[in-house]
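One-based numbering along the sequence shown. First listed ligand is number 1; within each ligand, the first listed atom is number 1. Since this is a predicted model, take the numbers as computed values, not measurements.
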Amino acid sequence: MRTLLVTGGAGFIGSNFVHHVVEHTDDTVVVLDKLTYAGNRASLAGLSGDRVRLVVGDIADAAVVDPLVADADAVVHYAAESHNDNSLHDPRPFLDTNIIGTYTLLEAARKYGTRFHHISTDEVYGDLELDDPERFTEHTPYNPSSPYSSTKAGSDLLVRAWVRSFGVQATISNCSNNYGPYQHVEKFIPRQITNVIRGIRPKLYGAGENVRDWIHADDHSSAVLTILDKGEIGQTYLIGADGERTNKAVVELILTLMGQPQDAYDHVTDRAGHDLRYAIDSTKLRTELGWTPRFQDFEAGLAATIDWYRENEAWWAASKDGVEAFYATKGQ
Ligand code: NAD
Ligand code: TDX
């Protein structure tokens, strides 16, 4: 039985991880989360106070971070500014949280000798051509496109340097696009599901030919626990579930699953610098650590996610109008 410090545990993937840990281990969890617009206490509702405690605070504040890292057996670091579109509008919080926040946590892990797992993204590798037979591997050179992905790349490099220079006991994972419950309505899949629920037509950036490699958030969680238990210090592991789909195909599937004509969507202004395709080769994680994803059927996982948004309107309703008003200012 360990005590895990989970940063960003009130966000989308962090809260899915906390639920996963409570269900599948005896560990206790301390969540450190600033509760920005993206964090939501309600994502941790129903979890026993004996197993999960929420500390509201900033990962860039050493006075908050230090005692929590000192008391933890391991840090699992999810907290980040995570939305590409926001990073194009106002990059500064991305530097503060993703770079300075990660630095602050690494310094504490160094001071107290605490095991550290850093959560990152496949976006650090840039993008692929649609017909490229190669996928991203642990050896792909870094080539980030957006303020978001460049700060995530910077944070990964800090972790590598703190391992090599200071002997911090860290691992890194770079995962593909996640879907599932508790994802903020600014993101692609929940935006379109909640649009349909509200009678708004889904919005596809540009032609919709961009490809994302989808994985259920619960499979991301099981992969992170596997790396925490069996990963080799200093190593990077790519996490993916062979879920490549064009954005257009995803919108059409959402519309079909929700009983709408599959062409009932609008093409809107494209994202500046929009990455064309992400695709993960997760052979290392599967062969060296024996991980396999559980949600192999994207359509079934998406249908369950649609049900979750239908049944949990109270969780997302307060954010919806503000998000749509912001996109409207961008022609999106
Ligand atoms: P999210 O935006 O839903 O959640 C981020 C959480 O971090 C929120 O709860 C927020 O309140 C908290 N936070 C932000 N700044 C903070 C600060 N300074 N101090 C403390 N807490 C702070 O993000 P997400 O989609 O759950 O992503 C979580 C992590 O996973 C990120 O590191 C992201 O880069 C990575 N990731 C995401 C995806 C994806 O598809 N969403 C894919 C790969 C990797
Ligand atoms: O309304 C939309 N219409 C649309 O076509 C939105 C919000 C997005 N898109 C497109 C842009 C992308 O090609 O859908 C795709 C997915 O968009 P996002 O949900 O914004 O995700 P993405 O930019 O791919 O980044 C996500 O995956 C990697 C997460 O937000 C990151 O945190 C993670 O690192």
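The environment of K284 atom NZ is dense: over 12 non-hydrogen atoms of other residues, nucleotides or ligands sit within 6.0 angstrom.
Using a 4.0 Å cut-off between a side-chain N of Lys or Arg and a carboxylate O of Asp or Glu, D73 and R115 do not qualify as a salt bridge. Using a cutoff of 4.0 Å between basic side-chain nitrogens and carboxylate oxygens, D58 and K34 are scored as salt-bridged. Taking a cutoff of 4.0 Å between a charged side-chain nitrogen and a carboxylate oxygen, K320 and E324 qualify as a salt bridge. Using a 4.0 Å cut-off between a side-chain N of Lys or Arg and a carboxylate O of Asp or Glu, R135 and D242 qualify as a salt bridge. The pair D321-R198 meets the salt-bridge criterion, with a side-chain N (NZ, NE, NH1 or NH2) lying under 4.0 Å from an Asp/Glu carboxylate O. Ion pairing between R92 and D96 holds under the 4.0 Å rule for side-chain N and carboxylate O. The residues D281 and R286 are annotated as not salt-bridged, no charged nitrogen and carboxylate oxygen being separated by less than 4.0 angstrom. With respect to D218 and R294, a salt bridge is recorded, a charged nitrogen being found less than 4.0 Å from a carboxylate O.
Only the side chain of R191 comes within 4.0 Å of ligand 2, judged by heavy-atom distances. Within the 4.0 Å heavy-atom criterion, neither part of Q332 lies near ligand 2. Residue contacts with ligand 1 for A60 are absent, since no atom lies close enough (heavy atoms, distance under 4.0 Å). Looking at H83 against ligand 1, nothing comes within 4.0 Å, counting heavy atoms.
In this structure, the protein non-hydrogen atom closest to atom 21 (N) of ligand 1 is K34 N, 3.0 Å. Of all protein heavy atoms, the one closest to atom 27 (O) of ligand 1 is I13 CD1, 3.9 Å. Protein heavy atom nearest atom 34 (O) of ligand 2, with residue, atom name and distance: Y148 OH, 2.5 Å. When only non-hydrogen protein atoms are considered, atom 32 (O) of ligand 1 lies nearest to K152 NZ, 2.6 Å. What sits closest to atom 30 (O) of ligand 2 on the protein, heavy atoms only, is K187 CE, 3.0 Å. Looking from atom 12 (C) of ligand 2 to the surrounding protein, the closest heavy atom is H274 NE2, 3.4 Å. In this structure, the protein non-hydrogen atom closest to atom 25 (O) of ligand 2 is E123 OE2, 2.7 Å. Scanning the protein for heavy atoms near atom 21 (O) of ligand 2, the closest one is N177 ND2, 3.6 Å. Among all non-hydrogen protein atoms, the one lying nearest atom 5 (O) of ligand 2 is Y205 N, 2.8 Å. Nearest protein neighbour of atom 43 (C) of ligand 1, counting heavy atoms only, is C175 O, 3.3 Å. Nearest protein heavy-atom neighbour of atom 24 (O) of ligand 2: R212 NE, 2.8 Å. Atom 44 (C) of ligand 1 has S120 O, 3.1 Å as its closest protein atom, hydrogens excluded (heavy atom only). The protein non-hydrogen atom at the shortest distance from atom 29 (C) of ligand 2 is S82 O, 4.1 Å.
Summarising the contacts of atom 17 (C) of ligand 1 with L32, V31, D58, T104, the nearest heavy atom is found in D58. Here the shortest heavy-atom distance to atom 12 (C) of ligand 1, taken over V124, T97, D33, belongs to D33. Distances from atom 20 (O) of ligand 2 to the heavy atoms of R271, E324, K203 show the closest one on R271. In this structure, of N247, T269, D122, the residue bringing a heavy atom nearest to atom 15 (C) of ligand 2 is N247. Comparing heavy-atom distances from atom 5 (C) of ligand 1 across G101, A80, P93 singles out A80 as nearest. The heavy atom nearest to atom 30 (O) of ligand 1, considering only V55, N98, I119, is found in I119. Comparing F188, W214, Y278 against atom 17 (O) of ligand 2, the shortest heavy-atom distance belongs to F188.
Aromatic ring centres of Y205 and H267 lie farther apart than the 6.0 Å criterion allows. Ring centers of H19 and Y182: under 6.0 Å apart, within the cut-off. Checked against the 6.0 Å centroid threshold, Y78 and F12 do not count as a close aromatic pair.
Side-chain contact between R41 and L54: present, with at least one pair of heavy atoms (C-beta onward) separated by less than 4.5 Å. A 4.5 Å side-chain heavy-atom check between I119 and C175 finds every atom pair outside the cut-off.
At least one N or O atom of Y78 sits closer than 3.5 Å to an N or O atom of ligand 1. At least one N or O atom of I59 sits closer than 3.5 Å to an N or O atom of ligand 1. For a threshold of 3.5 Å applied to N or O pairs, the pair formed by Y327 and ligand 2 contains no separation below that value.
The ligand atoms of ligand 1 that sit less than 4.0 angstrom from a heavy atom of Y148 are 33 (C), 34 (O). Atoms of ligand 2 found under 4.0 Å from any heavy atom of L204 (numbered from 1 in listed order, with element): 5 (O). Listed by atom number, the atoms of ligand 1 under 4.0 Å from L35 heavy atoms are 11 (O). Counting the atoms of ligand 1 from 1 in the order shown, those under 4.0 Å from a heavy atom of F12 are 3 (O), 4 (O), 25 (O), 26 (O). Heavy-atom proximity to E186, at under 4.0 Å, picks out these atoms of ligand 2: 7 (C).
The closest donor-acceptor contact from the side chain of E138 to the backbone of L238 lies under 3.5 Å.
The shell of residues lying under 4.0 angstrom from ligand 2, judged by heavy atoms, excludes K152.
Distance check, rounded to the nearest 0.5 Å: CD of Q332 to CG of D270 gives 8.0 Å. Distance CG/L106 to OG/S165: 11.0 Å, rounded to 0.5 Å.
Note: Y125 and F136 have tilted aromatic rings, judged against thresholds of 30 and 60 degrees for the angle between ring planes.
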